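The structure under discussion appears below in the form of structure tokens.
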Amino acid sequence: MSKITEDATKTVEAVVLKGKTVYHNGTKYQQNALITLDEASAAHLIKAGFVATRESLQAAAAEQPAAVSVSTLDNTTVQGPVETKA
């Protein structure tokens, strides 16, 4: 039986989700913190709803249309998508 070294362990970059705190290896990570985890720890924390992978958050953000919100002096708010021209 071979022993897996720490260098051979695959890691995952994850982001702590809003309203959550993660304690990992003696360090406290609060919401929006970027944390590098081994695959097993990442899978456990994703399932528990404490973190999401960086890639999954970037993909979700890319799928959302960009929007602009403008508030005027009389507190009128206008929202709409941002149109880009190629």
Side-chain angles (χ1 to χ4, degrees):
M1 185 172 179
S2 64
K3 184 177 181 183
I4 298 176
T5 64
E6 190 173 9
D7 293 334
T9 303
K10 292 183 181 179
T11 59
V12 176
E13 282 191 328
V15 177
V16 180
L17 296 176
K18 183 177 181 180
K20 305 292 183 181
T21 301
V22 174
Y23 291 90
H24 181 68
N25 291 340
T27 304
K28 179 180 178 181
Y29 298 90
Q30 296 201 13
Q31 70 182 22
N32 300 325
L34 183 63
I35 180 173
T36 301
L37 302 163
D38 60 83
E39 287 182 319
S41 295
H44 173 73
L45 290 170
I46 290 168
K47 187 175 181 180
F50 279 82
V51 301
T53 64
R54 185 177 188 174
E55 291 81 20
S56 68
L57 292 175
Q58 288 172 333
E63 291 175 3
Q64 298 296 318
V68 173
S69 176
V70 178
S71 296
T72 63
L73 291 176
D74 64 354
N75 291 325
T76 301
T77 301
V78 179
Q79 294 181 331
V82 173
E83 295 182 26
T84 58
K85 296 183 180 183

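Because only heavy atoms are used, hydrogens play no part in the values below, and waters and symmetry mates are left out as well, while side chains stay in. All figures in this text were calculated on a predicted structure; none of them were measured in a lab.
For the residue pair Leu17 and Ala52, the shortest heavy atom distance occurs at CD2-CB, 3.8 Å. Here the closest non-hydrogen pair linking Glu13 and Glu55 is O-OE1, 4.3 Å. Contact detail for Val51 and Val16: the closest heavy-atom pair is CG1-CA, 4.0 Å.
The backbone N or O of Asp38 lies less than 3.5 Å from no partner atom in the side chain of Ser41, so there is not a single donor-acceptor pair. Gln30 contributes no side-chain N or O that, together with a main-chain N or O of Thr21, makes up a donor-acceptor pair within less than 3.5 Å.
In this structure, Leu37 CG and His24 NE2 are separated by 5.0 Å, a value rounded to the nearest 0.5 Å. Atoms NE2 and CD1, from His44 and Ile46 in turn, are 11.0 Å apart once rounded to the nearest 0.5 Å.
There is no path of hydrophobic side-chain contacts, each under 4.5 Å, that joins Val12 to Leu45.
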